[in-house]
There are 2 protein chains.
Amino acid sequence: MILAVGPDPSDATKDSEVRRPVGVREVAKRAQVSLGTVSNVINTPDSVRPKTRARVEKAMRELGFVGSRAAGQLRSRKSGLVGVVLPDVGNPYWADVLRGVESVLEDQDLTLVVGSTRQDPARQKRLLRAFAQQGVDGLVVAPIDTLRGWEPFAGRRLGVVALENGAGPDVGSTISLDNVGGARQAIAHLLALGHRSIAFINGPQSVPWCVERREGVLDGIRAAGLKTSEVLIEVEVADLTSAKGLTATDDLWGIYQPTAIMCANDLVALGALLSLQRHGLRVPEDVSLIGYDDVVFVEALRPPLTTVRQPSFEVGVMAGKMLLSGAAHDGSERELVTPSLVVRESTGPAPLRKRT
Amino acid sequence: MILAVGPDPSDATKDSEVRRPVGVREVAKRAQVSLGTVSNVINTPDSVRPKTRARVEKAMRELGFVGSRAAGQLRSRKSGLVGVVLPDVGNPYWADVLRGVESVLEDQDLTLVVGSTRQDPARQKRLLRAFAQQGVDGLVVAPIDTLRGWEPFAGRRLGVVALENGAGPDVGSTISLDNVGGARQAIAHLLALGHRSIAFINGPQSVPWCVERREGVLDGIRAAGLKTSEVLIEVEVADLTSAKGLTATDDLWGIYQPTAIMCANDLVALGALLSLQRHGLRVPEDVSLIGYDDVVFVEALRPPLTTVRQPSFEVGVMAGKMLLSGAAHDGSERELVTPSLVVRESTGPAPLRKRT
DNA sequence: TAAATCGAGTGAACCGGTTCATAATTCGCT
DNA sequence: AGCGAATTATGAACCGGTTCACTCGATTTA
C-alpha cells in the first residue's frame with residue numbers, strides 16, 4: 001500500500017466511515033417481509049405475489065440496494081460468470097471472436113470475464129487460476145500453451161471449450177481451425193507465383209497453432225518438391241503485434257531480402273508492411289506480403305492484403321453455443337473449421353533478385 | 001496434483017459425485033494446522049514460520065486447493081477487481097487504453113474486469129450494476145452517457161476515474177480530452193485546403209464526446225467566417241465501427257458528394273475509405289478523408305490517413321495511477337489531455353465540384 | 001363440514017475464507 | 001534456569017444472499 005505524504009494526517013475526523021452497503025435484511029425490514037422473500041424477489045420474482053413484490057422492489061429502490069454477488073455465489077455455487085482467455089483482445093480477430101461469444105451468452109444473464117495471455121504461458125496460468133478462484137461457471141480458452149490447470153473447470157456448471165487445437169489432454173470440447181491447411185494454401189500461393197526466397201514471421205513455438213502454421217508452411221514447400229532450408233527464412237517474434245512485426249521486418253531486411261514475407265497473423269503483416277514502406281519498398285513489386293486472419297482493416301491497406309480468412313465471429317458463436325448446450329461439460333464435442341485463402345493485391349510474381 | 005492416467009483408479013468410488021472443491025479446513029487438517037494458519041499462508045505468508053508454511057503449501061498442492069474468492073471477498077470486503085467500462089474494446093484505441101491501465105495495475109494483484117458499452121446507455125447501466133455487484137474495488141469508465149449509477153463505487157477502496165469529460169456530477173477524478181480543440185484542428189485543416197462541402201460522420205449525440213467533437217467542428221467553421229449550414233452535412237451512426245462507417249458513406253454518397261469527409265473516429269473513417277474505394281473514388285483527389293484517434297493501422301492505409309492523434313496508452317496509464325494514488329477516491333483530480341493533428345496523405349486540396 | 005392441496009411467506013442454517021482476541025511457543029537476556 | 005516480550009498459531013464468529021424444511025391461510029376436494 002502506498003501511503004500519501006500529506007502535510008497533516010492528524011485530522012482524526014472519523015468521517016471516513018464508509019457506510020456499508022444495504023443488505024437483504026435491511027430491505028426485508030423496510031418492506032415488512034422476511035429476508036427469504038427478498039431473495040425470492042431477486043431470483044424467482046414469479047413466485048412472489050405482485051403486491052408483495054412491488055413493496056420489496058420499492059424498498060430496494062429507496063435503500064439503493066445493490067446486492068453482493070459474492071455472498072450469493074458462495075451459497076448457490078453459481079457465479080454467472082464465463083471466463084474467456086484469449087491471446088490478445090486488441091487483435092480485431094480475437095475481438096471478433098469475443099463478440100461472437102458475447103452475442104450468444106448475453107441473454108443468458110451470463111457475464112463474460114476476459115483476459116489476454118499475450119502469448120505468455122505464465123499469464124495463461126495466472127488467468128486460469130484467477131478465473132478458477134472467481135468461480136466461473138464456464139470457460140472459453142484459446143490456449144497459447146499446452147493447457148495445464150484446466151481441471152478445476154471441468155466440474156463447473158458449463159465446462160470448458162478450447163479454441164484452436166493441440167491443447168493437450170481432452171479438454172471439454174474443442175473447436176479446431178485447420179492451421180496446417182491454411183498455412184499450406186498461403187505458401188502454395190507464394191510458390192506458384194515463383195517465390196523461392198520467403199521469410200516466415202511466426203510466433204513462439206510454444207504456441208500450438210504457431211507450430212501448426214509452421215508445419216503447413218514446411219509441408220507446402222516440400223510438396224512443391226523444394227528444400228525448406230533453401231527457400232525459407234524463419235523469424236520468430238514473441239508477440240504477434242504490429243509493433244513486433246515492424247521491428248522484426250526491419251531486422252530481417254538488414255540481413256536477407258526475401259521476395260516474399262508471410263506472417264503468422266495480420267497484425268504482424270501490418271507491421272511488416274509499415275516497415276517495408278519505410279524502407280521505400282513497393283508491395284508487391286519488390287516484396288510480396290501475406291497475412292493470416294483477414295481482419296477488417298486489411299482490405300483497406302495499401303495494397304489490400306492477401307491473407308488467409310478464418311471466420312472469427314462465427315467461431316465465437318460456436319463456442320458460446322457449445323457452452324450452453326452442455327456439450328462442453330460432459331461429452332467432448334469436436335468441431336473443425338477450415339480457413340480459406342483470400343488473394344488481394346499484396347502478392348504478385350516474384351521479382352528477379354539473387355538469393356542472399 | 002497431476003493425476004496419473006493409470007488403467008485403474010482403484011478407489012473407484014461413486015465418482016460421478018462432483019466432489020466439492022477442497023477448502024481451507026481440509027488443507028488445515030492435512031497440514032496439521034488450524035484453518036487460520038492456512039489463511040495466513042495465503043494472505044500474509046511472512047507471518048508464518050517457513051517450516052509451517054512449507055507444510056501448508058505442500059498440502060495445498062497435494063489437494064489441488066484453489067480457493068474461493070467469493071468467500072474471501074465476503075468477509076474481507078475486498079475483491080481485488082477493477083472494473084473498466086469502455087465504448088468498445090474492439091477499437092484499437094480503447095484496446096490501447098486498456099493496455100495502459102493494465103500495465104499499471106497488473107503488479108498490484110488487481111484483476112481487470114472489462115466491459116464494452118457499444119454506445120448503448122442501457123449497456124452502460126447494466127455493466128455498472130454488474131460491476132457494483134461484483135464488488136469491484138475501483139472503476140475506470142469512459143461514459144457514453146451522463147454517468148448515473150456510479151455512486152455505489154464512490155465508497156470503494158479505490159474509487160472512480162472517468163475518461164472523457166462531460167460525465168455529469170463530480171465523478172471521482174477525471175481525465176479529459178480536449179475534443180473540441182481536436183475537432184477544431186481537423187476542420188480548420190480541411191477548410192484551409194479549400195473544402196466548403198464537408199460531411200461529418202459522428203456518433204450519437206447522447207455521447208458526451210460526440211457532442212464535443214461536433215461543437216469543435218461547428219466552432220471551427222464559424223471561426224473561418226462561414227455558415228455551418230452551408231458547409232456541413234451531418235451524418236449520425238449508432239455505432240462507431242467500420243461497418244457503420246461503410247454503410248453510412250454508401251448512403252451519404254447517394255445523396256451528397258461532399259469534397260471531404262470527417263469521421264468521429266478512425267474505425268468509421270476506415271469504413272468510409274472502403275466505401276469510397278468501392279465507388280471508385282480516389283482519396284484525396286476526389287474526396288479528402290480525416291479520422292480521429294490515430295490508431296495503429298491508419299498509417300498503413302491507402303492512402304495513409306490524416307487524423308487527430310490522442311495518446312491512448314498514456315491515458316490508460318494515467319487512469320491506473322490515479323486509482324492507485326487514491327486520487328480517484330477522495331479528492332477529485334482533473335487532468336487534461338490535448339490531441340494533435342497528424343497530417344498524412346488522405347487530405348488534399350478541394351477538387352472543383354458544384355455544391356449539390 | 002372436514003380433509004387434502006396449494007400458493008405464499010418465513011427464518012435458521014449454510015456456503016468457505018478472513019478476522020481478531022486469545023493462547024501457545026520461541027527467543028533474548030539476566 | 002527464569003521471566004518478559006515478541007513471534008506464531010488457534011478457532012469461533014463473521015460476512016450477506018440463498019436454501020429448504022416448515023408454517024399459515026385459502027381454496028379445492030371428498
Side-chain angles (χ1 to χ4, degrees), chain A residues 18-57 59-60 63-80 109 129-130 132-135 137 152 157, chain B residues 18-57 59-60 63-80 109 129-130 132-135 137 152 157:
Chain A
V18 275
R19 66 170 170 301
R20 303 209 281 85
V22 303
V24 277
R25 277 157 246 257
E26 293 164 72
V27 173
K29 184 144 43 126
R30 172 132 188 164
Q32 315 252 42
V33 295
S34 79
L35 85 181
T37 301
V38 177
S39 181
N40 286 334
V41 169
I42 297 170
N43 300 297
T44 53
D46 294 333
S47 76
V48 179
R49 238 189 5 225
K51 211 164 59 178
T52 316
R53 193 196 325 162
R55 224 167 59 241
V56 173
E57 280 166 348
M60 295 203 295
L63 263 41
F65 174 82
V66 174
S68 153
R69 210 145 204 83
Q73 167 178 352
L74 184 56
R75 181 75 230 260
S76 70
R77 306 180 148 290
K78 286 179 207 165
S79 63
D109 74 67
R129 173 152 39 222
Q133 292 182 342
Q134 294 291 348
D137 291 337
R157 192 159 57 100
Chain B
V18 270
R19 66 175 164 299
R20 305 208 279 86
V22 302
V24 278
R25 278 156 245 259
E26 292 164 74
V27 173
K29 184 141 45 122
R30 172 132 186 164
Q32 315 250 45
V33 295
S34 79
L35 84 180
T37 301
V38 176
S39 180
N40 287 334
V41 169
I42 297 169
N43 300 296
T44 52
D46 293 332
S47 77
V48 179
R49 231 182 21 217
K51 210 165 61 179
T52 315
R53 193 196 323 163
R55 224 168 56 242
V56 173
E57 280 167 346
M60 295 202 297
L63 263 41
F65 174 82
V66 174
S68 151
R69 209 145 205 83
Q73 166 178 354
L74 183 56
R75 182 73 231 259
S76 71
R77 309 180 146 289
K78 286 180 207 164
S79 63
D109 74 67
R129 172 148 43 221
Q133 292 182 342
Q134 293 293 346
D137 291 337
R157 192 158 58 98

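First the proteins, then the strands, lettered A, B, ... as listed; each starts at 1. Please read all numbers here as calculations on a predicted model, not as lab measurements.
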When the distance from CZ of A:R49 to C1' of C:dT10 is rounded to whole Å, what number comes out? 14 Å
Tabulate below the donor-acceptor pairs under 3.5 Å that side-chain atoms of residues 45-53 of chain A make, not counting sequence neighbours, or state none.
unit_1, atom_1, unit_2, atom_2, d
A:S47, OG, A:T44, O, 2.8
A:S47, OG, A:T44, OG1, 3.1
A:R53, NE, A:P45, O, 3.3

Please state how far atom NZ in A:K51 lies from atom C1' in C:dG9, giving the value in whole angstrom units. 14 Å
Separation of atom NZ in A:K29 from atom P in C:dG11, rounded to whole Å: 13 Å
With B:A59 via side-chain contact (heavy atoms from CB on, under 4.5 Å) - residues at least two apart: B:V27, B:R30, B:A31
Extract all donor-acceptor atom pairs below 3.5 Å that involve side chains of residues 33-40 of chain A and protein atoms in other chains or at least two apart in sequence.
unit_1, atom_1, unit_2, atom_2, d
A:S34, OG, A:G36, N, 3.3
A:S34, OG, A:T37, N, 3.4
A:S34, OG, A:T37, OG1, 3.4
A:S39, OG, A:N43, ND2, 3.3
A:N40, ND2, A:G36, O, 3.4

Side-chain N or O of A:T37 less than 4.0 angstrom from OP1 or OP2 on C:dT10? yes
Quick one: does A:S79's side chain have a donor or acceptor within less than 3.5 Å of a partner on A:G135's backbone? yes
To the nearest 0.5 Å, tell me how far A:Q133 CD sits from B:F65 CZ. 7.5 Å
Contact list for residues 63-78 of chain B, test salt bridge (Lys or Arg N to Asp or Glu O under 4.0 Å), sequence neighbours left out: none
Find the bend of the helix from C:dT1-D:dA30 to C:dT30-D:dA1 as the angle between its two terminal axes (five pairs each), to the nearest 10°. 40°
Suppose we screen for side-chain hydrogen bond (donor to acceptor under 3.5 Å, both in side chains). Which residues come up paired with A:S68, at least two apart in sequence or across chains? none
May I ask you to test the A:V66-B:R129 pair for a side-chain heavy-atom distance under 4.5 Å? no
List every contact pair, protein side and nucleotides 22-27 of chain D side both N or O, where the distance is under 3.5 Å.
none

Side-chain donor/acceptor of B:D137 to backbone N/O of B:R157, under 3.5 Å: no
Base, backbone or nothing for each nucleotide of nucleotides 17-22 of chain C, written B, S, -, heavy atoms under 4.0 angstrom, 5' to 3'? BBB---
A:D46 has an atom CG; how far is it from atom P of C:dA8, in whole Å? 10 Å
Below the 4.0 Å mark, does C:dG9 have OP1 or OP2 next to a side-chain nitrogen or oxygen of A:T52? yes
Closer to the 5' end of DNA chain D via nearest nucleotide, is it B:S34 or B:R77? B:S34
Separation of D:dA13 atom C1' from B:L74 atom CG, nearest Å, is 13 Å
Please check: side-chain N/O of A:Q73 versus main-chain N/O of A:Q134, any donor-acceptor pairing under 3.5 Å? yes
